[in-house]
Structures are given as C-alpha cells and as structure tokens.
Amino acid sequence: MENSYIGRSIVALVILLSPIISFAQFVEYSNEFLNIGAGARGLAMGSAQVATVKDGTAGYWNPAGLVGVKDNVTVDLMHAEYFSGIGKYDFGAIAIPIQDNKRTLGLSVLRFAVDDIPNTLFLVQPDGSINYNNIQSFSSADYAVLLSFAQNVKESKDMNCSFGINAKIIYRKVGSFATAYGFGIDAGVQAHGERWHFGAVAKDLTSTFNAWTFHFTDAEKQVLYLTNNDIPVKSTEVTAPSVVIGGGYDIKISKSINISPEASFNVTFDGKRNTVINGNTISMDPHIGVEVSVKNIFFIRGGVTNFQQGLADGDTLNQKRVWIYQPSLGVGFTIQHITLDYAFTNLANQSSPLYTNVFSLRLVFSKKKEEIHSKPIL
C-alpha cells in the first residue's frame with residue numbers, strides 16, 4: 001500500500017511534466033541562483049534534503065516538508081559569501097502552521113548579488129584616450145519570492161504523507177541596463193514511515209519564464225554600436241522543469257544517537273549536462289548526505305554533490321578525464337527555541353577547492369499559554 005502511494009505520486013509528476021518536455025525548448029542553466037541551496041543543514045549534507053526536510057527551509061527544498069513545522073511559527077535566516085565576498089547570498093523564510101497542524105503556510109525570500117561591477121563603456125574616449133574617471137560601478141542582483149502551502153494528506157500509525165506547492169516570483173536586475181520578471185510553480189510530496197523517508201518535487205512545473213527588458217541610453221547604444229556589439233531589445237528566458245527524487249533512512253545506534261543517511265537525484269530535461277548520468281535530453285545529478293544527531297541537540301553532517309568529469313591536474317595534453325565532486329561538512333546545535341547551523345562547503349571540486357563558510361539561524365516563536373478562568377453566571 002505504501003509503495004503504491006509513492007508510485008502514484010511519481011507517475012503524477014511525470015504526467016504533469018510530459019507535455020512541457022515534449023513541446024518546449026529551454027535555456028540550460030537558467031536561474032542558476034535558485035540552485036545554491038537554503039540553510040546550512042542542507043548545504044552540509046550535499047543538498048540531499050528532498051525526503052527529510054521538515055523545517056522552514058522546506059519551501060526551498062520541498063514544500064511538502066513544511067508540515068513538519070508544528071505548533072509554533074519558525075523563522076530561518078542564512079547568509080553566505082562566495083568568491084572572497086564578491087557574491088553575497090541571503091535567504092530568509094517564515095513558516096506558519098494552521099488548522100491544528102494539518103496545513104502550513106510559508107514565505108521564502110532569496111537574494112544573490114554581485115556589487116561594485118566596473119562599467120567601462122565610457123573608459124575609452126572618442127579620440128582614443130583613456131579616462132579612468134568615466135568608470136562607474138553597478139550591481140547585478142537576483143531575487144526570488146516563494147509563496148508556499150503544504151498539507152497533510154494521510155496520517156496513520158504506519159505512514160504519514162503530505163503535499164506542497166510553491167508559487168515562485170522572480171526579479172532580476174543588472175544595473176540600469178536590464179530587468180527581468182519571472183513566474184513559476186513547484187509541487188512536491190513527502191511520505192514517512194517509522195524509519196524510512198521518501199520525497200519528490202517537480203520544480204518549474206509549468207516552466208518558468210523570465211521576460212527581459214533592456215534600458216540603454218543613446219550614448220550607451222552608440223558605444224555598443226561602435227564596438228560591434230548587439231543592442232538587445234527584449235528576450236525571454238525559459239527554465240525547463242526538473243524533478244528531484246530522494247529517500248532516507250533512520251538508523252538508531254542508541255537512545256541518544258541516530259544516523260540518517262539520505263540520497264537524491266536531480267533529473268533535468270534541458271539537454272545534455274556534465275553529470276553522472278546524461279543523455280541528449282535527460283541528465284541526472286546525485287546528492288548524498290548523512291546526519292548524526294545526539295539527543296536531537298547536537299548534529300554532525302557531511303555530504304558530496306556535483307559529480308562531474310573534468311581534466312586531470314597536470315594533464316598538459318587535455319586528454320585524461322577524471323571524476324571530480326564537491327564535498328561539504330557541517331555541525332549544528334539546538335538550545336531551547338534557537339538552532340544554529342554551520343556548513344563548510346566547496347564551490348569547485350576536491351582537487352581545486354573554493355571553500356565557503358555558511359551560517360544559518362532558526363528561531364521558534366512559542367505561543368503563550370493563556371489560562372482561561374470561567375466565572376459563574378449569576
């Protein structure tokens with residue numbers, strides 16, 4: 001019975017995706033800032049989260065997991081800086097349980113920005129001289145807002161199942177030159193047994209369309225024309241649907257110690273990618289992670305992701321290809337209503353590391369218990 005429910009969930013996701021996959025053409029690696037992650041726990045576990053996430057970051061990983069937020073409103077915050085502070089990434093989310101914990105509302109906000117980019121359009125004067133005073137700076141920033149809803153669809157002694165959906169609003173801005181607006185839908189399911197966990201989410205279910213508009217002054221257009229650059233007017237960037245499917249299992253070592261390994265596959269449909277499994281249309285990228293919890297207070301985590309084939313170091317002929325991957329580690333602890341998580345992640349690969357420190361904070365706002373005293377009616 002449990003397997004049949006999970007099977008029907010996967011089939012439903014595939015049926016919803018099939019007409020889009022058949023008739024649309026997409027841009028590879030569109031809206032990549034939405035693939036960075038959310039929360040130090042998920043990043044420390046190699047982004048293997050779709051089956052077990054049950055906190056405020058579930059709006060990002062799998063909205064069905066928001067039903068794990070019980071009784072109290074939670075707020076999740078995260079900040080990370082990449083490439084020695086050049087790129088700044090911020091994530092914030094609030095999850096609100098309603099109707100006796102059967103439903104949960106969520107709001108997530110993401111921002112990735114690169115500031116102080118030099119604008120050298122007017123560096124060279126018409127007479128060929130260089131005027132460094134003409135260099136100005138601008139910022140490139142990507143924003144996303146996720147409006148989430150999750151609901152329990154089955155609760156029993158043997159299995160709990162939930163469903164969730166996101167409405168995704170995107171705003172991207174490149175200085176004063178270009179802006180884009182986008183909209184998309186995500187939908188996911190989770191199922192949990194006594195020890196096993198399953199999750200699946202379809203991202204950009206209806207495909208996500210970014211409509212770009214460009215704003216160049218006459219002087220900027222003239223420079224672009226004289227330097228043989230195209231002057232864009234409008235364009236549409238389409239993000240293809242993708243599916244993430246994963247599972248996890250709880251291993252009880254003792255009353256205090258629990259080990260939870262998890263693995264997932266990100267299945268994309270926008271063309272051949274440099275992944276473990278790839279084809280002309282479909283590619284699959286694995287994520288593997290594990291979490292060791294001690295009394296649900298202290299946590300140790302590790303993971304690997306982004307398996308790719310790259311050129312071996314020292315191969316001057318560029319002929320020898322080896323498998324590379326991105327490892328990550330992390331810890332976390334919970335004190336009453338506060339959880340602090342840390343992740344040490346790698347943006348490149350194990351042989352050429354670009355390490356990043358990620359911190360995230362979770363606050364649980366407990367409801368005040370009100371004592372109601374009844375008075376006799378006279």
Side-chain angles (χ1 to χ4, degrees), residues 9 13 33-69 74 76-78 80 89 91-93 95 104 106 108 110 144 146 148 150 160 162-166 168 186-192 196-204 242-250 258-268 284-293 296 299-307 325-332 339 341-346 358-362:
S9 301
L13 291 174
F33 78 101
L34 292 176
N35 294 325
I36 295 175
R41 176 185 188 266
L43 292 173
M45 294 178 63
S47 298
Q49 291 289 283
V50 68
T52 63
V53 64
K54 56 181 180 180
D55 52 40
T57 65
Y60 173 89
W61 298 108
N62 184 352
L66 282 171
V67 297
V69 178
T74 67
D76 286 82
L77 301 171
M78 175 189 131
Y89 179 64
F91 171 86
T104 306
S108 305
L110 302 88
L146 308 179
S148 306
N160 295 327
S162 60
F163 169 81
I165 189 168
N166 285 335
K168 182 162 48 183
D186 304 331
V189 294
Q190 272 191 354
H192 305 278
W196 60 267
H197 309 278
F198 168 82
V201 60
K203 295 188 175 182
D204 304 299
S242 63
V243 176
V244 184
I245 301 175
Y249 194 81
D250 295 332
N258 185 72
I259 300 177
S260 301
E262 182 172 354
S264 63
F265 281 89
N266 185 7
V267 185
T268 56
M284 300 179 67
D285 185 23
H287 306 274
I288 302 171
V290 63
E291 178 182 70
V292 180
S293 65
N296 283 324
F299 306 90
I300 301 174
R301 306 174 180 117
V304 288
T305 186
N306 200 15
F307 294 86
Y325 56 87
Q326 294 179 1
S328 55
L329 294 170
V331 295
T339 299
D341 293 316
Y342 166 75
F344 186 62
T345 66
N346 182 8
V358 181
F359 294 91
S360 64
L361 175 69
R362 179 176 305 114

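Residues: numbered from 1 along the sequence shown.
Rounding to the nearest 0.5 Å gives a distance of 6.0 Å between CG of L43 and OG1 of T345. Atom CE of residue M284 and atom OG1 of residue T268 lie 9.5 Å apart, to the nearest 0.5 angstrom. One finds the CZ atom of R362 at 5.0 Å from the OG1 atom of T339 (value rounded to the nearest 0.5 Å). Atom CG of D55 is separated from atom CG of L66 by 8.5 Å, given to the nearest 0.5 angstrom. One finds the NE2 atom of H197 at 7.0 Å from the NE2 atom of H192 (value rounded to the nearest 0.5 Å). With rounding to the nearest 0.5 angstrom, the CG atom of L361 is 8.0 Å from the CG atom of D76.
The closest donor-acceptor contact from the side chain of W61 to the backbone of A38 lies under 3.5 Å.
Geometrically, K203 engages Y60 in a cation-pi contact defined by less than 6.0 Å to the ring centre and at most 45° from the axis.
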**OP:** List the steps and the verdict of side chain to side chain contact (heavy atoms under 4.5 Å, CB included) for V50 and F198.
**Re:** CA-CA 8 Å; V50 68; F198 168 82; over 6 Å; no

Original post:
Do F91 and S108 pass the side chain to side chain contact (heavy atoms under 4.5 Å, CB included) test, and can you show the C-alpha distance, the side-chain angles, and the key distance before you say yes or no?
Top reply: CA-CA 7 Å; F91 171 86; S108 305; 3.9 Å; yes

**OP:** Verify side-chain hydrogen bond (donor to acceptor under 3.5 Å, both in side chains) between S264 and N266, making sure each step is shown before the conclusion.
**Re:** CA-CA 7 Å; S264 63; N266 185 7; over 6 Å; no

Original post:
Do I245 and V243 pass the side chain to side chain contact (heavy atoms under 4.5 Å, CB included) test, and can you show the C-alpha distance, the side-chain angles, and the key distance before you say yes or no?
Top reply: CA-CA 6 Å; I245 301 175; V243 176; 3.6 Å; yes

Original post:
Do M45 and I288 pass the side chain to side chain contact (heavy atoms under 4.5 Å, CB included) test, and can you show the C-alpha distance, the side-chain angles, and the key distance before you say yes or no?
Top reply: CA-CA 7 Å; M45 294 178 63; I288 302 171; over 6 Å; no

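For the residue pair N166 and G59, the shortest heavy atom distance occurs at ND2-O, 2.7 Å. Shortest non-hydrogen contact noted between S47 and H287 is CB-ND1, 3.8 Å. The nearest pair of heavy atoms linking Q49 to E262 is C-OE2, 3.2 Å. In this structure, G188 and P63 approach most closely via the heavy-atom pair N-CG, 4.2 Å. Nearest heavy-atom pair across N62 and G199 is ND2-CA, 4.2 Å. Closest non-hydrogen pair, G289 versus A48, comes out as N-CB, 3.8 Å.
Of the options L110, T57, V358, a side-chain contact (heavy atoms from CB on, under 4.5 Å) to M78 is made by V358 and by none of the others.
Salt-bridge check for R41 with D341: failed, with every basic side-chain N at 4.0 Å or more from each acidic carboxylate O.
Looking only at side-chain heavy atoms (C-beta outward), P286 and T305 stay at 4.5 Å or farther from each other. Inter-residue side-chain proximity for I259 and V290 is flagged as met; some heavy-atom pair is nearer than 4.5 Å.
With 3.5 Å as the limit, one finds no donor-acceptor pair spanning the side chains of S162 and N160.
Using bins of under 30°, 30° to 60° and over 60° for the plane-to-plane angle, the ring pair F359/Y342 lands in the tilted bin.
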